[in-house]
Amino acid sequence: MTSSMHRGRRRARSHIPVRVAHAVLGGAAGVVWLVLPGMTPGDDAPVAIKEPRQVVSATAVARDSALDSALDSALDSPRHSPLDSPPDFVQSRRAEADGTSTTDLVLPLVAAGAVGAVAAYGYIRRVRRTRGRTTPGGVSGPPPVSTPPQSLAEPDAQACAALVRADDRLRVARAELGFARGLLGAAAVAPFTRALGEAEGELAAAFRMRQRYDEGVPAEEAPRRHALAGMIGRCEEAGRRLDAVAGDFARLRDPERALPYAEARFRDLTGHTAAAQTLLADLAERYAPTATSAVTGSVEQAKDRLLFATLRLNLARQELFSGRTEAASRQLHSAEAAVAQAAVFVEGVDRTAAELRDADETVPAALTGAEAELSTVRRHTVRADEPHPRLLNADAVLASVRQEVTSNRPYDPLSALRRIVRATAPLASGRAGVLPAAALSVARASAAAADDFVTTHRGAVGATARTRLAEARRLLAEGAPGDIERADELALEASDLAERDVRLHGNPASPVPAGQPETDGSAGAVLGGILPGEAAAEEGGEHSAWGFGRP
């Protein structure tokens, strides 16, 4: 394709048609100059046409005239200078012409004219043909758009939807299992814990396939189609693992016992939310705004979920009092989901405070370890007068972090650790154990923040953000030192993609059942995936991930 494009550009140059035209005109002029002197009087004396010797003489005169004209034309051409063809050359050629036969002159001229005409005709046909097509070899028209014979858009969308549905169901299943474990104990829910673990393994495999798919593996259309089908199959298998024990889990749930436990969790979390608000205000004073950006607004969102839970718990008690056990279970399930998300918001504040405190304590040791690593690099530098660019960058980063730490102003310790790790990672030998530990702490913090955001905004977060998060968690679980920084990058990317999805989703409309106030936290419940639609709102919320209340 590249060579065709080059040929097209060469053919498009303007001087080529001019040269061809010159060749054709030159050949035609040679023939005319050959014939014209025989039909017009010259300077020689008239001779009889029947005299053979005079015929040859007349032909020679015509040939001389043609040569004179051709040479004069060549001398007048801008391609040559008069100095290139001195008069001696012209005289010598005229002297040679006296001994040349007519056939020797006519045949070359005719051949030259024929070649020029054929070349011009071929060129014109080629240009007309190439101008009328759209291949890359043409001189005009856009290149063809290469499209696969059958688009992968539809199976790709189906795979993404399957990943989102499966991920949502497993997140709900974890929350429900947490309530059941707190109510009945770990031994009573052990079979369901195993089923959830198996389902998580299937979903992890599906996310791994999706990550490789997004990276372009496989590259061909048919294998990519099979990969999409494999993702869907893994997601469906994850659902079947839960369905296999759904009946037992439904029988295990007793609304009359579960409702008091959910109300107790609600009251505990209400008091914890007030404490989290005080803690978040303290963090805002001690650290830079970027340090607490992931939990900014968490307390307000927790209160919103608790408001929604309050109404649902009341409805559940009313339904239970009326003897409508199934309706009470659905209301209770929505209340538990709201309480679980409120706990994620509140516990996220506690976790962030602990992460910032640990990072603040680790930064001085990380600076010392980084300096030791860079000192080793300097000793092995061949030319000390030309230090490595990465070494210069690392020195600048460490100096900047050191200035932030000693300035007595609020700063972001997690960000400082991340900068130290990334600046020294290309140069570090691994002997300073504090740096790998710092890298692991930073990556875990990023993954936890991204996971919290997806959990509490799953009604708007798409498959790509979930895929990046799943890959980050996989790398962290494997614990390979070379993959920790990559896990941190993927977790940060997952957070960015999830936040973008929420922005594009906008403020959801609240599917509020009739007779209920609009300020009941339903909008937040929709964003959190607790109320996925208007029909679910009318029925009291989404169905249980373990099959209770599912059609």
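Since the model is a prediction, treat every value here as computed from it, not as a measurement.
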May I have the list of side-chain donor-acceptor pairs in residues 183-196 shorter than 3.5 Å, sequence neighbours left out?
| residue | atom | partner | partner atom | Å |
| --- | --- | --- | --- | --- |
| Thr193 | OG1 | Val189 | O | 2.9 |

Is any side-chain heavy atom of [X] less than 4.5 Å from a side-chain heavy atom of [Y]?
{"X": "Asp156", "Y": "Tyr213", "result": "yes"}
{"X": "Gln277", "Y": "Lys303", "result": "yes"}
{"X": "Phe453", "Y": "Val502", "result": "yes"}
{"X": "Asp350", "Y": "His272", "result": "yes"}
{"X": "Leu315", "Y": "Gln318", "result": "yes"}
{"X": "Arg165", "Y": "Arg169", "result": "no"}
{"X": "Leu476", "Y": "Ile484", "result": "yes"}
{"X": "Leu490", "Y": "Leu469", "result": "no"}

Can a salt bridge be assigned to the pair [X] and [Y] using a cut-off of 4.0 Å between side-chain N and carboxylate O?
{"X": "Arg253", "Y": "Glu336", "answer": "yes"}
{"X": "Asp452", "Y": "Arg351", "answer": "yes"}
{"X": "Arg234", "Y": "Glu237", "answer": "no"}
{"X": "Arg210", "Y": "Asp214", "answer": "yes"}

Closest heavy-atom pair and its distance - [X], [Y]:
{"X": "Pro255", "Y": "Thr325", "result": "CG-CG2, 3.8 Å"}
{"X": "Arg468", "Y": "Ala494", "result": "CB-CB, 3.9 Å"}
{"X": "Ser334", "Y": "Ile530", "result": "O-CG2, 3.9 Å"}
{"X": "Phe179", "Y": "Ala340", "result": "CE1-CB, 4.4 Å"}
{"X": "Leu332", "Y": "Ala258", "result": "CD2-CB, 3.6 Å"}
{"X": "Ile420", "Y": "Leu435", "result": "CG2-CD2, 4.0 Å"}

Check for a donor-acceptor pair, side chain of [X] on one end and backbone N or O of [Y] on the other, with a separation under 3.5 Å.
{"X": "Ser322", "Y": "Arg324", "answer": "no"}
{"X": "Asp483", "Y": "Arg486", "answer": "no"}
{"X": "Ser400", "Y": "Ala396", "answer": "no"}
{"X": "Asp360", "Y": "Pro413", "answer": "no"}

Which distance, rounded to the nearest 0.5 Å, do you find between the [atom1] of [X] and the [atom2] of [Y]?
{"X": "Leu163", "Y": "Ile232", "atom1": "CG", "atom2": "CD1", "result": "8.5 Å"}
{"X": "Ser298", "Y": "Leu280", "atom1": "OG", "atom2": "CG", "result": "7.0 Å"}
{"X": "Leu398", "Y": "Thr424", "atom1": "CG", "atom2": "OG1", "result": "7.0 Å"}
{"X": "Leu269", "Y": "Phe345", "atom1": "CG", "atom2": "CZ", "result": "11.5 Å"}
{"X": "Glu263", "Y": "Leu259", "atom1": "CD", "atom2": "CG", "result": "4.0 Å"}
{"X": "Glu485", "Y": "Leu440", "atom1": "CD", "atom2": "CG", "result": "13.0 Å"}

- Decide salt bridge (Lys or Arg N to Asp or Glu O under 4.0 Å) for Glu200 and Arg174; before the verdict, give the C-alpha distance in whole Å, the side-chain angles of both, and the deciding distance to 0.1 Å. CA-CA 10 Å; Glu200 289 174 340; Arg174 294 189 199 103; 2.7 Å; yes
In terms of heavy-atom contacts, does [atom1] of [X] have more than 12 from other residues, nucleotides or ligands at under 6.0 Å?
{"X": "Glu154", "atom1": "CD", "value": "no"}
{"X": "Arg419", "atom1": "CZ", "value": "yes"}
{"X": "Arg422", "atom1": "CZ", "value": "yes"}

- Message: Name the residue from Arg212, Gln211, Arg208 that meets the side-chain hydrogen bond (donor to acceptor under 3.5 Å, both in side chains) definition with Glu471.
- Response: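 Per the side-chain hydrogen bond (donor to acceptor under 3.5 Å, both in side chains) rule, the option paired with Glu471 is Arg208, out of Arg212, Gln211, Arg208.
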- Item | Pair Glu220-Arg224, salt bridge (Lys or Arg N to Asp or Glu O under 4.0 Å): steps then yes or no | CA-CA 6 Å; Glu220 295 78 12; Arg224 288 177 73 81; over 6 Å; no
- In chain order, what residues pass the side-chain hydrogen bond (donor to acceptor under 3.5 Å, both in side chains) check against Arg473, with sequence neighbours excluded? Asp451
- Which residues satisfy the side-chain hydrogen bond (donor to acceptor under 3.5 Å, both in side chains) test with Arg305, sequence neighbours excluded?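 Checked Arg305 against side-chain hydrogen bond (donor to acceptor under 3.5 Å, both in side chains); matches are Gln341.
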- Item | Candidate pair Asp268 and Arg265, rule salt bridge (Lys or Arg N to Asp or Glu O under 4.0 Å), full reasoning | CA-CA 5 Å; Asp268 292 342; Arg265 287 279 305 270; over 6 Å; no
- Message: Is the terminal nitrogen or CZ of Arg466 (NZ for Lys, CZ for Arg) located under 6.0 angstrom from the six-membered ring centre of Phe207 and within 45° of that ring's axis?
- Response: no
